[in-house]
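What follows is a single structure, written as structure tokens, with notes after it.
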Amino acid sequence: MDAAHEEQTRGNWRNTLFYVTFLYFTVGFSPYISLSSTYLGSAMAEGSNLLNQLTAIILLFSFMVFMVKERSFSIVFTPRLLMAAIFGWYIFTSVVGEAPMFSLRRLVMCAIICVLAGCFLQLPRTERHFATLLASCAMIILFLCYFGVIVLPSRSIHQASDALEPLLAGNWRGVFQHKNEAASVMAVLIIVAIYLCKRWSFIGGLLVLLLSMFFLIKSGGKTVLGLVPIIIATGWFIVGWPGWRYMVVTLLLLVFTVVVVGTTIDPVFSQMLTRMGLDASFTGRTDIWAVAIDYIRQRPILGYGYQAFWRSDTLMSSITDSNSWATTAPAAHNGYFDLLLAGGIPGLVLVMAWIYLLPLHYLGKMDEVTRNSPLTRLYVGIWLYVLLYGFLETLFLLSAGFVWFFLLVAVMGLRLQANASLVENEAEPEPARTGADADRATIPHLRLAVARKNFATAQLARNSESGQKKS
């Protein structure tokens with residue numbers, strides 16, 4: 001009786017942590033925010049959200065206790081050498097940057113998010129449990145968004161009275177601050193819905209798909225809408241033919257880079273896109289990119305410190321009538337430019353090794369069945385979407401944000417898929433180990449999360465196989 005009660009308590013704790021974490025990164029503490037006024041001063045003087053920070057710390061502590069009890073601590077903040085190099089470099093650039101204390105505080109929040117994302121997939125007991133939790137969260141987000149549009153339209157739909165970007169009037173944003181953020185979340189939910197159709201319920205997944213797609217259309221996210229079929233097609237191709245994965249994904253990134261940089265620095269290229277009927281300014285982003293490129297050229301190696309460039313005192317003092325929009329922007333609206341501004345070329349290279357090269361490596365390590373599974377396709381779809389949409393929005397190495405969090409979850413998911421086997425059914429508690437087994441550092445089979453690897457056992461198996469081959 002006591003064992004059953006304890007197991008139920010642990011199950012409730014897993015579910016609660018999953019829901020709270022998901023809603024913390026999506027809804028947060030400022031749903032349905034009014035845009036009738038906004039802060040345009042220095043980012044350093046704006047202050048920070050104490051409640052947001054306290055919640056992140058509480059979640060971090062809760063996850064650490066959970067991971068210790070589950071004996072899964074070995075996968076936290078991995079791969080550790082690369083993570084140490086990334087954060088070590090950005091700490092250095094922040095210390096010598098524009099606002100050391102401001103940058104370091106936000107870098108700590110970024111590190112906390114990385115830990116939370118790494119632990120997130122350990123909460124579900126099985127893949128079925130994961131699909132059920134994910135479906136519930138998707139339904140909650142969609143309900144809140146549609147509730148806002150119907151009941152609180154002035155706070156869920158962009159208005160002509162908005163202090164910034166009144167031309168967006170009529171575009172839906174739901175619980176989010178901006179229609180671009182809403183479009184990003186809906187794109188992720190579309191990818192999630194495809195997975196739910198196969199692993200949860202076809203009807204339920206189809207409902208999530210249709211609701212997400214309709215909201216995306218009403219948000220005015222034309223670029224995101226155009227990206228979705230590209231992402232689905234690319235993901236299908238590299239999963240089916242993994243030998244082409246490096247070439248295909250690299251080519252996509254190069255094409256997007258040429259388009260973004262070309263429209264910013266080359267008027268001829270910009271005019272060519274205009275003649276094709278495309279918005280060559282990318283809704284005004286090229287003005288911001290021009291400012292970013294100018295400042296990247298001035299400090300290409302060290303950058304300006306983590307999140308210390310935009311709306312900094314130095315940049316705000318350079319405002320003129322011709323560049324006021326660009327210099328007051330909160331970000332570059334390009335994740336790659338922001339990585340260069342924060343940590344220079346070394347910072348960009350390190351982060352790309354993490355979020356670009358490693359997932360491709362993991363995809364190549366999987367066996368055919370695992371690689372073609374709906375779960376792998378879910379992770380690949382989210383990963384590709386964030387990589388490509390990162391050319392139009394700041395999505396990488398953030399101290400907040402649902403899309404960045406889910407990119408980290410996708411990268412960790414691919415890592416686990418490459419080094420694990422899925423648990424299909426509930427497992428009985430693992431018996432106590434004695435002798436030599438007691439000293440083995442393992443991640444137990446008990447309540448195995450969506451994908452979890454017994455690192456020690458797998459290593460021993462590989463060593464045994466290599467020994468047999470030598471003999």
Side-chain angles (χ1 to χ4, degrees), residues 14 17-18 21-22 25-26 63 66-67 70 72 74-79 82-83 113-135 137-138 187-196 198-200 231-232 234-236 238-239 242 245 249 353-387 395-396 401-424 443 447-455 458:
R14 288 172 181 272
L17 263 183
F18 192 99
T21 304
F22 193 98
F25 283 105
T26 51
F63 269 103
F66 170 79
M67 296 298 277
E70 293 296 310
S72 301
S74 59
I75 67 171
V76 175
F77 216 60
T78 54
L82 179 58
M83 298 296 286
I113 291 175
C114 293
V115 173
L116 296 181
C119 302
F120 188 69
L121 289 179
Q122 298 301 302
L123 293 174
R125 296 182 296 272
T126 64
E127 184 181 9
R128 176 68 181 179
H129 186 207
F130 172 68
T132 302
L133 291 174
L134 201 56
C137 289
V188 172
L189 291 185
I190 288 171
I191 298 169
V192 167
I194 296 172
Y195 168 75
L196 294 178
K198 299 178 180 179
R199 281 291 187 259
W200 178 61
I231 291 158
I232 293 173
T234 304
W236 172 81
I238 64 174
V239 166
R245 65 191 188 280
V249 177
W354 177 26
I355 65 173
Y356 160 56
L357 292 178
L358 277 182
L360 290 172
H361 170 68
Y362 297 147
L363 199 58
K365 286 182 64 178
M366 298 176 197
D367 60 70
E368 186 175 356
V369 174
T370 302
R371 190 173 57 250
N372 285 282
S373 69
L375 187 59
T376 297
R377 292 181 184 276
L378 168 69
Y379 296 144
V380 168
I382 294 172
W383 166 67
L384 281 174
Y385 166 71
V386 183
L387 275 188
L395 302 175
F396 308 134
F402 169 81
V403 178
W404 165 241
F405 173 77
F406 239 74
L407 171 64
L408 295 177
V409 170
V411 172
M412 174 56 75
L414 290 172
R415 174 182 171 85
L416 292 172
Q417 287 289 87
N419 300 290
S421 59
L422 289 174
V423 169
E424 300 296 339
I443 297 174
R447 298 297 185 267
L448 200 62
V450 179
R452 188 181 293 175
K453 180 182 178 184
N454 187 323
F455 290 98

Indicate yes or no: at least one non-hydrogen side-chain atom of [X] is less than 4.5 angstrom from one of [Y].
X    : Y    : value
I113 : W404 : yes
L82  : L358 : yes
L408 : F120 : no
R377 : V239 : yes
V386 : I355 : no
L375 : R199 : no
W383 : L360 : yes
T78  : M412 : yes

Spacing of [X] atom [atom1] and [Y] atom [atom2] [to the nearest 0.5 Å]:
X    : Y    : atom1 : atom2 : result
L134 : F22  : CG    : CZ    : 6.0 Å
Q122 : R14  : CD    : CZ    : 8.5 Å
F406 : Y385 : CZ    : OH    : 13.0 Å
L414 : M366 : CG    : CE    : 4.5 Å
L384 : L407 : CG    : CG    : 10.5 Å
T132 : L196 : OG1   : CG    : 9.0 Å

Indicate the atoms forming the closest heavy-atom contact of [X] with [Y], along with that distance.
X    : Y    : answer
V369 : D367 : N-OD1, 3.1 Å
P359 : V411 : CG-CG2, 4.0 Å
F402 : F25  : CB-O, 3.1 Å
A418 : Y362 : CB-O, 3.4 Å
P124 : L133 : CG-CD1, 4.3 Å

message = For a side-chain contact (heavy atoms from CB on, under 4.5 Å) check, start with the C-alpha distance between F130 and L121, then their side-chain angles and the critical distance, and finish with the verdict.
response = CA-CA 8 Å; F130 172 68; L121 289 179; 3.8 Å; yes
task = Please report the C-alpha distance between L416 and Y379 in whole Å, then the side-chain angles of each, then the deciding distance to 0.1 Å, and finally whether the side-chain contact (heavy atoms from CB on, under 4.5 Å) criterion is met.
result = CA-CA 11 Å; L416 292 172; Y379 296 144; over 6 Å; no
key: Evaluation steps, side-chain contact (heavy atoms from CB on, under 4.5 Å), between T376 and L363   = CA-CA 9 Å; T376 297; L363 199 58; 4.0 Å; yes
